Protein chains: 2
Amino acid sequence: MKMPTIRLREYLNQASVTEKSIIDYILLNPESVSRMTIHKLAELTYSSASSIIRLCKKNGYDGFKEFSKALVYELAARKAHQVKPVDEITRSDSTQEIIDKVTQKNILSLEDTKNLLDAEEVKRCVDLLHRSEILCLFGIGSSLLVAKDAQLKFLRINKKTYVSDDWHTQLLTATNMSPNDLGIIISYSGQTHEMIECAKAIREAGAESISITRFGNNPVKSLCKHHLYVAANESLFRSGAMSSRISLLNVIDILYTGYNNRQYDKSLELLAKTHIRKEPTLD
Amino acid sequence: MKMPTIRLREYLNQASVTEKSIIDYILLNPESVSRMTIHKLAELTYSSASSIIRLCKKNGYDGFKEFSKALVYELAARKAHQVKPVDEITRSDSTQEIIDKVTQKNILSLEDTKNLLDAEEVKRCVDLLHRSEILCLFGIGSSLLVAKDAQLKFLRINKKTYVSDDWHTQLLTATNMSPNDLGIIISYSGQTHEMIECAKAIREAGAESISITRFGNNPVKSLCKHHLYVAANESLFRSGAMSSRISLLNVIDILYTGYNNRQYDKSLELLAKTHIRKEPTLD
DNA sequence: TCAACTTTAGAAATAAAATTCCATATATAG
DNA sequence: CTATATATGGAATTTTATTTCTAAAGTTGA
């Protein structure tokens, strides 16, 4: 089935005056039109049934009946696709509601993050990953877990990757980076003092840098050469960084997949190798 | 709008012979019926237009016209809700395609996980969390990162939580658990030797246990008293555990949120406290 | 400028579809 | 076995959609 409102919108520029007014009415009131008879619509648009039928046929429908059903179909499909805003958790929520809301929230966060990512910038970041000799990851708190996750991934395909649990060590690593190295700083807020220091150190060292932070301006972002964003997310039950780390992982997945895609065969081979021994570290 | 096929199915048990055959036909051929005239349908079901109209009215529709549109609507909604399988990454994918596919894959994994979770079991797990004195988390590889993520969360609301980087330490922790303690073993495969050992140790110690593994039978699951599942996920670009850890985090979010909801006010207070000092560890 | 032609639009006629009404058949209870 | 309720389909009616026809408006070209 064809999407009536889209078709009509397309048709607008070649539409006659009467047709324009009919289309305008339909686009403004698709819901009610979908329940209307052709004569009622003719009356409301100060036109005639014949004109409406002609319009329907010109747009590829059999007649008004078919058009009307297509409209119902489109409206239903749109409604079903609509992402409903996630309600905040309330005191009285059942377990099932909590499951649904938390999951929906995380899904929404992934979708938003997808829309925030600039494919060109991602591409440049993958290039950098490729060209760099050593990948150094920086993070603290739950972002450190994301950094470590990235490390697990990249080590599997034999990319030299450093992370450290301890911030002092992270800072030392940053200070000693070479211009051929790439630093990725993961910090949801982009305001963490420790990460700002790391960013400065990388800059001093003249190495390449990518920040992964929430959308908007923040110190870490400003200090890095490249920027990737995750959705700014309001808390569910004021619980602080919840979905953000899932979005961060998603960004890591994307970088990792992009990287692998650059060296398709080589990566396949390396992954096969690390697969064979019953993947103890992959759990 | 009401879902016609659901209504009709419900109505089946009070339907007369003629009505039954009409309903059967509609349920078997909803697509074509949605495009049919009432007389055609009457002919095909060896009944009459009047019978069909009566049936529509009995089921809460104005008449056949309304019923027909409701059917179109339902079919569209069903189709739109159908989750389309995510295509595997191919050599020729653009960066934008990689972004979309990876994200879609992760979203799908979250949705599947939601459907695998049994609300009753989740509720029991939240109860356990509540009753338990100490929460011990177990994991290795990327599941260890999930365990640590859980620890970060629960520590914020002052729940005593242990995790260790080192498996030997994990095993010792398990061995020394008391019956008032709760162990959560995180293992996507449920087959990791180290986690099986931990599960056995917890069982020996007589403590409560929850497994979080992929769906299906596996050793870790069998050794634990309670089970939560995440979606079994096929790899995108054969990259091993990709979305699974995101689903695991989702399960953690759900447990954590459920826990907080049990002590709504207390948690709010505790979260506020850890929020004040510019959340250095939450990044 | 004005005839020839094309495009556009609506009224009326027609066709199609939905709905109502009614007669009849069938089952059910007394 | 009759009275009553219920179910069903055919015909009549109404509603709705579609076609046809005519007229008006606009466009083109000599």
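Side chains are part of it too, since the values below use all heavy atoms of this structure and drop only hydrogens, waters and symmetry mates. In what follows, chains are A, B, ... by sequence order, proteins preceding strands, each numbered from 1. Since this is a predicted model, take the numbers as computed values, not measurements.
Summarising the geometry of B:L71 relative to B:P4, their closest heavy-atom pair is N-CG, 3.6 Å, with the distance given to 0.1 Å.
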Verdict with supporting geometry, A:T213 and A:S211, side chain to side chain donor-acceptor pair (under 3.5 Å): CA-CA 6 Å; A:T213 67; A:S211 69; 4.7 Å; no
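The distance between atom CD of B:E66 and atom C1' of C:dA18, rounded to the nearest whole Å, is 14 Å. One atom, CD1 of B:I52, and another, C1' of D:dG10, lie 14 Å apart when rounded to the nearest Å. Here D:dT16 presents its C1' atom at 13 Å from NZ of A:K69, a figure rounded to the nearest Å. In this structure, the CD1 atom of A:I53 is 14 Å from the C1' atom of C:dA11, given to the nearest Å. Rounding to whole angstrom units, NZ of residue B:K65 and P of D:dT15 are separated by 13 Å. Atom P of nucleotide D:dT8 and atom CD of B:E19 are separated by 6 Å, given to the nearest angstrom. Remark: P of C:dT7 and NZ of A:K58 are 10 Å apart, rounded to the nearest angstrom. The separation between A:R35 atom CZ and D:dT16 atom P is 15 Å, rounded to whole Å.
Comparing atom distances between the B:S51 side chain and each of D:dA17, D:dT8, C:dT8 picks out D:dT8 as nearest. The side chain of B:T37 approaches C:dA18 more closely than any other nucleotide in the set C:dA18, C:dT20, C:dT8.
Under the 4.5 Å side-chain criterion, counting only non-hydrogen atoms from C-beta, A:E111 is in contact with B:I107. The shortest distance between side-chain heavy atoms of A:E74 and A:T5 falls below 4.5 Å.
Applying the 3.5 Å distance criterion, the base of C:dA9 shares a donor-acceptor pair with the side chain of A:R54.
At a threshold of 4.0 angstrom between heavy atoms, the contacts of B:S50 include nucleobase atoms, whether or not backbone atoms are also involved.
Residues of residues 38-47 of chain A having a heavy atom closer than 4.0 Å to DNA chain D, listed by number: A:I38, A:H39.
Map B:T18 and A:A49 each onto its nearest nucleotide of DNA chain D; the residue landing nearer the 5' end is B:T18.
OP1 or OP2 of D:dT8 sits under 4.0 Å from a side-chain N or O of B:S16. B:S48 has no side-chain polar atom (N or O) that falls below the 4.0 Å cut-off from OP1 or OP2 of D:dG10.
Listed by chain and residue number, A:I89, A:T90, A:E97, A:I98, A:K101, B:N261 satisfy the side chain to side chain contact (heavy atoms under 4.5 Å, CB included) test with A:D93 (two or more places apart in sequence, or in another chain). For B:F64, the ring pair (Phe, Tyr, Trp, His ring centres under 6.0 Å) test picks out no residue, with sequence neighbours left out.
The pair A:D24-A:R9 fails the salt-bridge criterion, with no side-chain N (NZ, NE, NH1 or NH2) lying under 4.0 Å from an Asp/Glu carboxylate O.
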